[in-house]
Asks: 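I have a structure here, written as structure tokens, and I will follow up with some questions on it.
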Amino acid sequence: AITGEVYAQVLADLGRFAESYRLSDEVIAAHRSLVERSQGSQGARRSLAAALATTGGNYHNGRQYARACEFWREAHDIY
């Protein structure tokens, strides 16, 4: 998931937002699965929050501000 998160960020940096968003969805799903499998362990939740924050930045850079805020709010709620 971490490699995918970085790749999604690079795609966003290159302006390839649609690809970035699709990959981000996969990354977030992987983190959510890890949280579930770990019964909500703090480490897994913090990793999810970090991925959510990064994904929010990608959406912000793609001018999808409402969606960015959704990701950032969820990350904030975890932290």
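Values in this document were obtained by computation on a predicted structure and should not be read as measured data.
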Asks: Report the distance from atom CD of Q64 to atom SG of C69, rounding to the nearest 0.5 Å.
Replies: 11.5 Å

Asks: Using 0.5 Å steps for rounding, measure from the CZ atom of R73 to the CD1 atom of I78.
Replies: 14.0 Å

Asks: What is the distance from atom OG of S47 to atom CZ of R45, rounded to the nearest 0.5 Å?
Replies: 11.5 Å

Asks: Hey, are the side chains of V35 and S41 touching, using non-hydrogen atoms and a 4.5 Å cut-off?
Replies: no

Asks: Could you tell me the separation between the OG1 atom of T54 and the CZ atom of F71, rounded to the nearest 0.5 Å?
Replies: 11.0 Å

Asks: Any side-chain heavy atom of V27 within less than 4.5 Å of one from T55?
Replies: no

Asks: Quick one, L52 and I28 - any side-chain contact, counting heavy atoms below 4.5 Å?
Replies: yes

Asks: In chain order, what residues pass the side chain to side chain donor-acceptor pair (under 3.5 Å) check against R67, with sequence neighbours excluded?
Replies: E70

Asks: Restricting to non-hydrogen atoms, name the atom on E5 and the atom on A50 that form the minimum distance, rounded to 0.1 Å.
Replies: OE2-O, 3.7 Å

Asks: With a cut-off of 3.5 Å and sequence neighbours excluded, list every side-chain donor-acceptor pair involving residues 9-23.
Replies:
residue, atom, partner, partner atom, Å
R16, NE, E19, OE2, 2.7
R16, NH2, E19, OE1, 2.8
R16, NH2, E19, OE2, 3.4
S20, OG, A8, O, 2.8

Asks: Quick one: CZ on R46 to OH on Y79, what's the gap to the nearest 0.5 Å?
Replies: 9.0 Å

